[in-house]
Structures are given as C-alpha cells and as structure tokens.
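Shown next, in structure tokens, is the structure this report addresses.
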Amino acid sequence: MKYQTQLQIYICFTATIFLTIISAVPCPNLCSSHGLCDNPGRTCNCYAGYTGADCSQKLCPFAAAWADQATGVDKAHNLAECSNMGLCNRVTGLCECRTGFEGVACERQSCPSQCYGVGECQSMHYFALSKDSGTGDVYKYESQWDAHKIYGCNCDSQYHGTDCSLRYCPKGDDPLTGTTEISATNPLQFNEIQVVTCRADGGTFTLTFRGKTTERIPFNAKTSELQSYIEALPTLGPGTTKIITSGGQACVDNKDGTTWTVEFLQDFGSLPLLVPDMRNLLYANALAGKLLTVAKQVDGTKENLDCSNRGICDTSNGVCSCSADFDTSNGYNAEGTRGDCGFATQSIQYCPGEITCSAHGACQNTPTYQCVCSDGWAGADCSERLCPSGLNWFTLPESDNVAHISTYSECSNAGVCDRSTGTCVCNTGFTGSSCNRLACPGESSLTEACGGHGQCLDMSSLAALSTVNGVLAGYSYGNIPNNPITWDATRVYGCLCDPQYTGYDCSLLTCPYGDDPDTLGQSDEQQIVSCTFVGGVDAQVVLKFREQLTASLSPLSTTAQVKAALESLSSITEVTVDIYKANGLDRLCTADGNQFLVTFLTEHGDLPDIQYVTQGITQFDTKEYIKGNKENIECSGRGLCDHTIGECACFTGFGSSDGKSGSGTKRDCGFLEPIASMSG
C-alpha cells in the first residue's frame, strides 16, 4: 500500500512537471529560432524563407507557374513555389525540378542536350533581341508570362533543329529553273542586288551581314577595297560579290551622296539586307547631315534550297547525296566545289527517283523536271516523309510581345522529325503528334499522367474548374482567339489533383485540416434557410454546398431530414439544424414563411452560402447569420504534415480531434490533450 501511494505521488509529480513544461513553452519548439511567438495564441510568425507551424521547414523560391488554375478571367501563371514544376525540399529549401526544367524555382525550360555545344540556349526574350535586323523589324518579347521561361537553341550557322543536332547541307540554285523556256510558271531568275547610299567627308562605317560585321571601312574606300572588306565576312567569303560604284569610292560629300551596288553571286534567294552603322562617319555640313542607307535594288529570285533541290541531304553529316546526273556546282550549272548538286552533268529528261518521284509525287517534265510531292512527302525525289506541323514553342515574335500565334514548324519546333516514319520525336516534356502540348507530369506511354491521382487538363479547362472557397468561380482562360496573353490555353497542360493529393504532379498526400484548439473565442459558421410555400404539387428543394447536391427535399422536410441531407454531402461532415423562429414549425417551408438555422460544426472558417435549386416553391433564400472565424489549417497548426504518408506529426500536448475540439479520429492535431488527474 505504501509502494502504491509512492507511485501515485511520483506519477502526479511527473504529470505536474509535464504540464508545467507544456505551459512554459509559449510556441511549438520555440518557433525553431526561425520566427516570433505570438501570445496568447502560441502561434509562430515565421521569418522570411521559413514555414510550418513551428517554422522548422524552409520555403523554396517562387516564380510564375507553368500551369495553374486561373484567379480571374485570363489571369493565370500566378506565383507558385518551384513554379508548379517541381517539389520543394523542406530541409534544404531547394526545388527538385521535373526533368526538362531548371533554375532555382524550376522557372525555365532546359535546352535539349544543351544544344550539343553548337548553339546558344536562349530565352524567348533574348532570342527576340538577337534577330538579324537585316531580315526585318526586331520586335521585343518581354511582358508575356513565357518571355523568360521558354528557352530554346539558337544554333550556329551550320546547324539546325530544336537541339542543333542536324547539320545543314550546302544550299544552291536549282539549275533547271529560270534559265530556258521562260514562262509564267518558269520565270527568269535573278541574283540579289542591294544598293548603298553614303554621304560623308570623313570617318569610317561598318556593314553587318547575317550577324557578322566588317572591319571599319574608310569613307573613301575604293571599289576593290570595299569588296575586300565585305568579302572578309565569314558569312560571305572571297569571290561572292560584285561591287559597282558610281563615284569611285564609298562615300562623297555632295548633297545627294553617292550610290554603289552589291550583287551577291553565291548567296541565292531573297537575302537579308546589309545592316549599316554610320556612327563613326563625319560630315562637315551639319545641316544636311551624314547619310548611310541600304535598300534592295533587285530581290533575289533564284532558289536557295538544300542540295539545290537535286539531291537528298544527310543531316547527320551535312553531305548531299545527288540525284542521278547531278553533281556539285559552281552555282551556275557548271562543275564546282559548292557541294550542292547544282550541276546537271548531262541533258535532263526525267524526274528523280528509282520510280518517278518515288511514287509520292508528280513530275513536271520539261524544262524543270521537278517533282511536285504529294501531301506528307518531301525531298527532291519525294522520298522523305513530312511530320505534322504546329505553332512554334520557341520562336521569334511576330510583333511586339506577340508570339505563338501564326508561325508554324514541323514538330512545333519542340521535336525532331523522323523522316523514315513521318513522326515527331518530341523533346522532354512535350507530347502530341506535332509536339504541340506541354505534357502533364508523368504523362508517357509507360506511366499515367499525374501519377493516376488527378486529371491532366489544359489551361482553359483548369480555369473552368477554378473555385473560390469551394465554389466554381466562373473564370475562363483563352476564350478570345489569338490573344497573345493566353496563347497557351489549349497547349499547356497541368494536373488537377484528386482531393487527397497535392503537388505539381499529385505525388504528395494531403493531411487533415482543422481548427487550432489554442485560439479561443471563435465562432462556427451559421446560416439561415428561409422558405415560403403556399401550396402546389411536385414542389421540391435541392440544396447545394461546395458544388455537391443533396437529394430532393419536400417542403415538409423536418430539421432532422435537412440535417441528414446536408451531412450526406462529401463537402460536409457534421451540422446542426434548428428551428430559428420561436414559434416556428419543424418543417422546411410554411405558408407564412419558416426559417431553419444551420450551424456548421466541422467545416471551419468563413464558408460560402448554401446554394439551392427549387421547383414549385413560392420563395426560398439562404443568408449568413454568423460568419465563421475558426481556422481551417493543415494539422490544425499544431503539427507538421508528412506528405509522403498524409499524416500529421502532432506537437507535444496535441492529438487527434473530432473536428470540434474534442477527442476524435481526424488525426488533425486539433485536440488539446488534458493531463489526467490521479486519485487514490
């Protein structure tokens, strides 16, 4: 008996010490030294970069989401942790990005194979600025959501393809077109000629062609000197131009200046303009001012085609395999070293192919003997398959801040075409017959999108399912065609996770939410349901809460029946339903109007009004009576969620509740555990 008394004293003493320790710690884990404790609620206000009820977890960087649900009409791509394209490591505060995406916040697309070292990985914004101004206006791309997110390869001059893995073959003029039997369908062809006008009496200038700039050219350079400077460009080369000057030198000091022409002898087709820079030119007549302009005198009309359209290009090594009786040329249907199949070694009287045009096209016969390929086929002999085309992902803007609207490419410039099958091999993260969709996480031929725990939806569909406080918001995204802000409405896909799952890929489990048991003086949401029914047949009411519908209720339904109907919804666990009027009847509707009071016991916070659909009811209404202000937070703010198993690890002194601050089975840390008293 003495031993039992001593044991009881020891247990009581230990419990007292435990209770003292609990009450002496104002906030869980003293906010892990990463936050300030807010008394008397004993809640942590975490410092920047930290999160969790005890501030023990690190936040990861935020950036515009790749895919998300709209927060307004055409308002999406909001700030999201790891850009909704990766998972946050709460220990390190580092994003673990989905394959194909990178950056501290997974905010940018990875370039495929790092462009194989023969191209530069650039953002849409930077790519827009790198455009050769000689090819037309340079437009900016900086205000759209993807300007600094979509990256692609800007390949070196000899390479192409979305990953710069393909080599260009020599291009040239088709030797059988525009030379004999001239007609409307076979017109005479010309080299490109550009005219330069210059007015100056001192200094130097430069010319840029296809991104390469000359050395400084003296204002008084003679014809031969001009040619030497221009042909020193790596984008041209010796013997590639013919220059004719009218005044014997580059610039003169008279009122109209002087003009001279540059004919391109080895670069065919319509060419980009030489881009002049006159900043270092001088002219004594400040009133007239210096002048340096370039314009087209003759737009080049000769073909500039792979292998001169008389052979097949092997893109693995950039070598032409010429059709029978064609060989490398000098650019003018004579033997040469261009490597372009532009030399007809004998009179041509047939179209290429073992079978004419490989049986995939029609021969035009004399004088061009060209193949006109059937849909889906290409190549000089129509032996190569085309792949489906789509709007470009990585592309130059069509005007300021407008892109992805009208420029198409094979495989949407997000994949490589397999010429043997006509199918696109898409870059990582892209899918669709033309690589036209940004795939959902996990979406492949072997695995299920969103881990099988959510819906894979485009941005337009995600917007339509956006909710505010559990109620469909009525937002849309991309309903206006060709809107440059919402170009991605049907092209970017993301996951809408099932209720028990979360994360950009729906790989994480959610934990129970509940009310913080340590914050007192808070109220449950209460709403008044009012109904007037003066008589009739087939009258009924259907209640709706957070998009869930009850079974039909009759005007005579009792408080018990309304309670049962509401609690049958997956969006409600427990309510009470009481007669609101002192002299009211226990029926939903009466001739002079009746009111029921609905109190939400387990759904916390400021809740949406109960919605309804009626038939044959005279008048029906719902309104908020008392706004709920209890918390509805993960693990009730008194524990940490383990998203790998979807369970709360409760802080000392807190346990599983019934959703109403009592002990229960919700496993939400919403119950303040008592210290049991000991008695003899």
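Sequence positions, counted from 1, serve as the residue numbers for this chain.
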- Item | Residues, nucleotides or ligands: over 12 heavy atoms within 6.0 Å of Tyr116 OH | no

- Would you call Lys660 and Glu603 a salt bridge, using N to O less than 4.0 angstrom? no

- Spell out, as yes or no, whether a donor-acceptor pair under 3.5 Å connects the side chain of Ser636 to the backbone of Arg638. no

- Task: State whether the SG distance for the cysteine pair Cys450/Cys495 is less than 2.5 Å.
- Result: yes

- Answer yes or no: does atom OH of Tyr126 have more than 12 heavy-atom neighbours from other residues, nucleotides or ligands under 6.0 Å? no

- Measure the spacing between CE of Met459 and OH of Tyr493 and express it to the nearest 0.5 Å. 12.0 Å

- Taking atom types as modelled, find out whether Asn84 and Asp68 have a side-chain donor-acceptor pair closer than 3.5 angstrom. no

- Query: Sub-3.5 Å donor-acceptor pair from the side chain of Thr502 to the main-chain atoms of Thr510, do we have one?
  - Reply: no

- Query: Who passes ring-ring contact (aromatic ring centres under 6.0 Å, His included) against Tyr501, sequence neighbours left out?
  - Reply: His453

- Query: Are the aromatic ring centres of Tyr151 and Phe101 under 6.0 angstrom apart?
  - Reply: no

- Within the distance-only criterion (no hydrogens, no angle test), does the side chain of His643 pair as donor or acceptor with the backbone N or O of Leu509 below 3.5 angstrom? yes

- Measure from the side-chain N and O atoms of His604 to the backbone N and O of Gly659, and report whether any donor-acceptor pair falls under 3.5 Å. yes

- Task: Report the relative orientation of the aromatic rings in His77 and Tyr477; use parallel for angles under 30°, tilted for 30 to 60°, perpendicular for over 60°.
- Result: perpendicular

- Is Lys623 salt-bridged to Asp609, cutoff N-O under 4.0 Å? no

- Task: Return yes when the gap between the SG atoms of Cys31 and Cys55 is under 2.5 Å; return no otherwise.
- Result: no

- Message: So Val416 and Cys411, do their side chains get closer than 4.5 Å, heavy atoms only?
- Response: no

- Task: Evaluate the pair Cys417, Cys424 and indicate whether the two SG atoms are within a distance below 2.5 Å.
- Result: no

- Can any side-chain N or O of Thr447 pair as donor or acceptor with the backbone N or O of Gly442 at less than 3.5 Å? yes

- Applying side-chain contact (heavy atoms from CB on, under 4.5 Å), name anything that partners Glu102, two or more places apart in sequence or on another chain. Arg108, Ser110, Gln114

- Please lay out, stage by stage, how Tyr168 and Tyr159 fare under the test ring-ring contact (aromatic ring centres under 6.0 Å, His included). CA-CA 6 Å; Tyr168 280 117; Tyr159 297 86; 8.5 Å; no

- Item | Aromatic centroids of His34 and Tyr47 separated by under 6.0 Å | no

- Item | Ion pair check, Arg419 and Glu410, cut-off under 4.0 Å | yes

- Under 3.5 Å: donor-acceptor pair, side chain of Asp668, backbone of Ser656: no

- Message: If you compare all heavy atoms of Cys44 against all heavy atoms of Asp54, which two are closest, and at what distance to 0.1 Å?
- Response: SG-CA, 4.1 Å

- Task: For the cysteine pair Cys511 and Cys641, state whether the SG atoms are less than 2.5 angstrom apart.
- Result: yes

- Would you confirm whether Ser444, through its side chain, and Leu446, through its main-chain N or O, come within 3.5 Å as a donor-acceptor pair? yes

- Query: Would you say the SG of Cys111 sits under 2.5 Å from the SG of Cys121?
  - Reply: yes

- Task: Please check if atom CG in Asn317 has more than 12 non-hydrogen atoms from other residues, nucleotides or ligands closer than 6.0 Å.
- Result: yes

- Note on the structure: OG1 (Thr135) and CG (Asp132) are apart, to the nearest 0.5 Å, by 5.0 Å

